[in-house]
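As a basis for the values below, the full set of heavy atoms in this structure was taken, side chains included, without hydrogen atoms, waters or symmetry mates. Keep in mind the model is a prediction, meaning the values are calculated, not measured.
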Amino acid sequence: MESAEHMNRLRWRCRRGMLELDVLLGEFLAHRYTALSATERSEFEAMLDEADQSLSSWFSGASIPPGNFQSIIKKILQVYE
């Protein structure tokens, strides 16, 4: 179980310069993050270090994410299928 402090930090890290990313990441964190494995949580948190432009490109399908992020991005996008 994640501490409230850790979840608050993640919520803050999900706040991006692009509204679309704010919604996508924030909703995933709020509704799906706790169901992730420890490895997937680490991938999600590492992905949050990436630039908004990269994230937007990966989520829109304009470019292919690096291998270490492909699985978590697929999980995030599945929420909206």
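Between Tyr33 and Phe28, the distance from one ring center to the other does not fall under 6.0 angstrom.
Nearest heavy-atom pair across Pro66 and Trp58 is CD-CZ2, 3.3 Å. Closest approach of Glu40 and Ser37 over heavy atoms only: OE1-N, 2.9 Å.
Rounding to the nearest 0.5 Å places CD of Glu43 at 10.0 Å from CD1 of Ile73. Taking CG of Leu48 as the reference point, atom CZ of Arg15 lies at 13.5 Å (rounded to 0.5 Å). The CG atom of Leu25 lies 10.5 Å from the CD atom of Glu27; values are rounded to the nearest 0.5 Å. Interatomic distance, Glu50 CD to Ser57 OG, rounded to the nearest 0.5 Å: 11.5 Å. Atom-to-atom distance recorded for Ile64:CD1 and Phe69:CZ is 15.5 Å, nearest 0.5 angstrom.
Side-chain atoms of Glu45 never come within 3.5 Å of backbone atoms of Ser42 as a donor-acceptor pair (strictly under, hydrogens ignored). With Arg32 contributing its side chain and Ile76 its backbone, the two residues share no donor-acceptor pair below 3.5 Å. A distance-only check finds a donor-acceptor pair linking the side chain of Gln70 to the backbone of Pro65 [under 3.5 Å]. Side-chain atoms of Ser60 come within 3.5 Å of backbone N or O of Ser56 as a donor-acceptor pair.
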In sequence, state the C-alpha distance, the side-chain angles, and the governing distance for Gln53 and Met18, and then conclude on side chain to side chain contact (heavy atoms under 4.5 Å, CB included).
-> CA-CA 9 Å; Gln53 295 81 6; Met18 300 173 70; 5.9 Å; no

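For the pair Phe44 and Cys14, the minimum side-chain heavy-atom distance is below 4.5 Å. In this structure the side chain of Val79 never reaches within 4.5 angstrom of the side chain of Leu24, judged on heavy atoms. Using a 4.5 Å heavy-atom cutoff, the side chains of Leu29 and Arg13 are not in contact. Contact annotation: the side chain of Thr34 approaches that of Arg41 to within less than 4.5 Å [non-hydrogen atoms, C-beta and beyond].
Within a 6.0 Å sphere centred on CD of Glu5, other residues, nucleotides and ligands contribute 12 heavy atoms or fewer.
Summarising the hydrophobic clusters (Ile, Leu, Val, Met, Phe, Trp, Tyr; side-chain heavy atoms under 4.5 Å, direct or chained), the residues clustered with Val23 are Leu19.
Taking the charged nitrogens against the carboxylate oxygens, Asp22 and Arg16 have no contact shorter than 4.0 Å, which rules out a salt bridge.
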